[in-house]
Amino acid sequence: MSIVVTGATGHLGRLIVEELLDRGVPADQIVALGRDVDRLAGLAARGVVTQRADYDDPGSLQAAFAGAEKLMFVSGSEVGKRLVQHGNVVTAAKEAGVGLVVYTSIANADTSSLVLAAEHKATEQLIKDSGLPYVFLRNSWYLENYTGQLPTYLQHGVAGAAGDGRVSAATRADYAAAAAAVLTAADRTRTVYELGGSPFTLTELAAEISRQTGATVSYLDLPVDKYTELLVAAGLPEGYAAVLADGDRGLAQGELEVGDDLARLLGRTPTTLAEAIRAAL
């Protein structure tokens with residue numbers, strides 16, 4: 001069995017490779033791909049096959065996918081370029097005769113109105129149209145999106161445009177473990193998983209930070225345009241700020257809340273908000 005993992009130089013891709021190793025997949029049956037193979041040296045030292053692959057270079061993808069039984073297709077990070085890049089991946093996978101494509105999508109991709117969801121929805125359609133067997137892992141937000149901002153929250157409070165909407169955020173490690181579970185399953189019973197942890201509001205996020213730190217942290221809810229302005233004033237590029245604010249708009253409408261597919265794949269309760277904050281402090 002050969003499992004090819006794209007984006008293995010990124011946080012999620014690297015964790016998926018680590019999970020596969022932890023599950024007993026022989027290192028020489030895992031192919032870790034990235035644009036900079038030097039960043040894969042640690043995996044290569046453990047016996048993992050490493051190879052250069054670039055979503056913008058179809059030839060590199062064709063060479064990397066040759067002989068692959070399963071492809072762990074970690075979505076690209078360049079918003080606005082992903083549909084062309086992902087099309088290159090799907091074409092190369094079809095030409096290589098890959099037996100299964102597992103793609104990291106976004107929560108509720110088929111119905112979501114999020115700006116970020118459009119490329120994921122289109123990629124899912126490309127994969128369906130290719131005729132390749134597939135599994136879509138529709139991941140909600142990362143808990144690290146929030147725990148990584150703890151210093152800012154403690155200084156300025158939590159701000160957003162999410163209203164009372166709930167987000168089913170989970171850790172990268174839990175999403176990676178779910179991906180590894182799908183890749184190593186003896187039988188594939190489903191093609192779409194809506195993945196996320198126990199949902200919470202941003203008001204609950206602020207309250208949990210307050211509880212654990214003893215500081216008074218509150219949530220300031222803003223209209224989407226005002227939140228965009230706040231992010232720009234904080235130094236973010238306007239386009240990126242608008243995408244983040246749009247994410248909160250979708251959160252407010254319930255588009256990032258999912259059920260318990262993640263818990264079922266993990267066979268345990270996903271890491272909770274409280275646990276993630278405790279680990280980050």
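The figures here come from the full heavy-atom set of this structure, side chains too, leaving out hydrogens, waters and symmetry mates.
Here the side chain of Gln29 pairs no donor or acceptor atom with the backbone of Pro26 at under 3.5 angstrom.
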Donor-acceptor contacts, no H, no angles, side chain residues 72-81, under 3.5 Å, sequence neighbours left out:
unit_1	atom_1	unit_2	atom_2	d
Ser75	OG	Thr104	O	3.3
Ser75	OG	Thr104	OG1	3.4
Glu78	OE1	Gln85	NE2	2.8

Please set out all donor-acceptor pairs under 3.5 angstrom arising from side-chain atoms of residues 261-271, sequence neighbours excluded.
unit_1	atom_1	unit_2	atom_2	d
Asp261	OD1	Arg190	NH1	3.1
Asp261	OD1	Arg264	NH2	2.4
Asp261	OD2	Arg190	NH2	3.0
Asp261	OD2	Glu194	N	2.9
Arg264	NH1	Asp260	OD1	2.4
Arg264	NH1	Asp260	OD2	3.4
Arg268	NH1	Asp174	OD1	3.3
Arg268	NH2	Asp174	OD1	2.7
Thr271	OG1	Asp174	OD2	3.2

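Hydrophobic cluster of Leu220: the remaining members, joined at side-chain heavy-atom separations below 4.5 Å, are Leu222, Tyr227, Leu230, Leu231, Leu236, Tyr240, Leu244, listed by chain and number. Within the hydrophobic cluster formed by Ile, Leu, Val, Met, Phe, Trp and Tyr side chains joined at under 4.5 Å, directly or through other members, Val84 stands alone, with no partner residue.
The ring pair (Phe, Tyr, Trp, His ring centres under 6.0 Å) search around Phe65 returns none, not counting sequence neighbours. With sequence neighbours left out, the ring pair (Phe, Tyr, Trp, His ring centres under 6.0 Å) criterion links Tyr193 to no other residue. Residues passing the side chain to side chain contact (heavy atoms under 4.5 Å, CB included) test with Thr213 are Leu154, Ile209, Ala215, Leu281, sequence neighbours excluded. For Tyr134, the ring pair (Phe, Tyr, Trp, His ring centres under 6.0 Å) partners are Phe136, not counting sequence neighbours. Annotation: ring pair (Phe, Tyr, Trp, His ring centres under 6.0 Å) contacts of Tyr142 (sequence neighbours excluded): Tyr175. Under the side chain to side chain contact (heavy atoms under 4.5 Å, CB included) criterion, Glu257 pairs with Arg166, Ser168, Pro199, not counting sequence neighbours. Here Asp57 pairs with Arg52 under the salt bridge (Lys or Arg N to Asp or Glu O under 4.0 Å) rule; sequence neighbours left out. Every residue meeting the side chain to side chain contact (heavy atoms under 4.5 Å, CB included) condition with Ala53, not counting sequence neighbours, appears here in chain and number order: Leu33, Ser60, Leu61, Ala64.
No side-chain N or O of Glu144 forms a donor-acceptor pair with one of Thr171 less than 3.5 Å apart.
Taking a 6.0 Å sphere around CD of Glu238, one finds it holds 12 or fewer heavy atoms contributed by other residues, nucleotides or ligands.
Between Arg278 and Glu208 there is no salt bridge, since no side-chain N of the basic residue sits under 4.0 Å from a carboxylate O of the acidic one.
Classification of the His86-Tyr103 ring pair by plane angle, with boundaries at 30° and 60°, yields perpendicular.
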